[in-house]
Amino acid sequence: MTQFPYSSAAMTRNSTTPMTSNSVTFASVDDALDSFNRMLQMNPRPSGVKFGQLVSSLVRMKAFQAAFYASKRMELAGVPHDRYTLGLMLRCFCKLGRVDFGYSVLSKAQKLGIQFDDVMLSTLIDGLCKVGKVIEAARLVHKIRILGYQPDVFTYTIIIDGLCKAGQTSAGLELLKNMKEFGCQPDVFAYNSLIYGLCISSRINEAMELFNKMVDKKIMPDTFTYNILVDAFCKEGNVLGAKVILKMMIQRGLLPDNVTYNSLMNGYCLRNELDKARKLFDFIDNRGCKPDVVGYNILMDRLWKAGREKEAREIFSRLSRDNCLQPNILTYNIAINGLCHHGFVDEAYDLFRKMEANSCLPDSSSYNVIIHGFLHHKDPLEAINLIHEMVSKGFSADLTTMSLLIELLPKNQLDHPIVQKLLNGPNIKSHEIVSSDLSAAATQGTC
DNA sequence: AACACCCTAC
């Protein structure tokens, strides 16, 4: 095992990936940032390549905000960007939903005389799709083709995925034909995107046809393919269909994973078979393939909804006791919602306030859930304060929350100054606030 | 160095 030389914390290379000179893995985001801070203080400073490796490790941990900051600090410290670090920065912006800054990375590359490549363009196209700008993304593909870039199987798959998620599955199927005509062979990724698109548009029969077609073409379905189909059958309440797919999956030599089990558990719950769902949960637990956070979330939510309070609470505390698992934001939102619906609003509020300390910042859903709790069961005036707090943090109260507030608030409170402000003042869109720091960096002309 | 699946609020 090779040690990254700037780290005091224990650090491992990912044993499942080949050991390459530019891949380095940290145990946690904090470890990576500690290492980064040490590197910045060193004299002489480590090479740009080492900084690039570090930023890359943050990106692989999906710590995009941290990766962006690191990359920015590296730049301010005078370490020059190269094609690699600019590509990472672009990826961070796109993953954070800031394609606008993504474009500025490209112009920055141009200014620095760094030629951007197909990978960077594909990253940008994916960023556009992910913020719902599929048409702009498709136009960009057209434009780059004119400029002489050849879209490859990645680029096409990104657009197909974007079209499917925008509800344009038929256009996605059309693009599958077109890419073949352009000499680009679709792979398992492209088929998975389309099968997923057909499933979420309730076209499960066509999804199965496409599945058979890909097998005919000797493109081997993988775990993702089977998971998509298992989930689709489960959501239809057709657990028998789901089991057929599961059997096919196992016959192919693929093992069901947490995603498969979670979908099945969800399927049983939707059929009101909560006790198979529980059995399945315990079955996974006894198999060495532990339930993951999502599994806990699904089961806890369905138990709350079935009014099985004691069991729902037990699932939550079991998750909190598990050393390997961390409740995520959805865990809290589900628990808060369940508590509120059963009248435990004070307890829900305590949990809401504990989120931050447990390194889970409340999001707009957390606020909406607790505010609904207050509106329904307790004190509409307290709800006003919370709405004010959420808006001041840059989240928007959703329409349901606002209309519920107006409905439930005593008439003599409607002219409450905070209420008037909420009703008249423009709410700040969350995405404009979440990355206000990114905006600051952008307006300084540095990115 | 770019792409895919499972969980919340009405």
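Model, not experiment: these values are computed from the prediction.
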A:Lys165 vs B:dC5: side-chain N/O to OP1/OP2 distance below 4.0 Å: yes

B:dC5 OP1/OP2 closer than 4.0 Å to side-chain N/O of A:Lys235: no

Sugar-phosphate only, base, or nothing, as touched by A:Asp152 at under 4.0 Å among non-hydrogen atoms: base

Touch class at under 4.0 angstrom, heavy-atom based, for A:Leu330 against every strand present: base

Closest to the A:Thr400 side chain, choosing from B:dA4, B:dC10, B:dC6: B:dC10

Nearest to side-chain heavy atoms of A:Ile158, which nucleotide of B:dC6, B:dC3, B:dA4: B:dC3

Which nucleotide in B:dC7, B:dC6, B:dA9 has an atom nearest any side-chain atom of A:Arg302: B:dC7

Listed nucleotide nearest any side-chain atom of A:Asp301, set B:dC6, B:dT8, B:dA1: B:dT8

Sugar-phosphate, base or nothing in reach of A:Arg83, heavy atoms under 4.0 Å: base

Sugar-phosphate only, base, or nothing, as touched by A:Val294 at under 4.0 Å among non-hydrogen atoms: base

Close approaches to DNA chain B from residues 192-215 of chain A, in residue order (heavy atom, under 4.0 Å): A:Asn192, A:Tyr196

A:Phe224 over B:dC5, stacked by centroid distance under 5.5 Å, angle under 30°: no

Side chain of A:Asp126 (C-beta onward), nearest among B:dA2, B:dT8, B:dC3: B:dC3

Sugar-phosphate only, base, or nothing, as touched by A:Ser263 at under 4.0 Å among non-hydrogen atoms: sugar-phosphate

A:Asn328 CG to B:dT8 P, straight-line distance once rounded to whole Å: 12 Å

Residue A:Asn227, side-chain heavy atoms: nucleotide from B:dA9, B:dC5, B:dA2 that is nearest: B:dC5

Nucleotide B:dC6, atom P - distance to CG of A:Asp231 in whole Å: 6 Å

A:Glu314/A:Lys310 salt bridge by N-O under 4.0 Å criterion: no

Carboxylate-amine/guanidinium proximity below 4.0 Å for A:Asp100 and A:Lys133: no

Pair A:Lys305 + A:Asp301, salt bridge at N-O below 4.0 Å: yes

Lys/Arg-Asp/Glu bridge criterion (N-O < 4.0 Å) met for A:Glu273, A:Lys276: no

Salt bridge A:Asp275-A:Lys279, side-chain N to carboxylate O under 4.0 Å: no

Quiz item: cation-pi between A:Arg60 and A:Phe26, 6.0 Å / 45°: no

Parallel, tilted or perpendicular: rings of A:Phe281 and A:Tyr296 (30°, 60°): perpendicular

Separation of atom CE in A:Met120 from atom P in B:dA2, rounded to whole Å: 13 Å

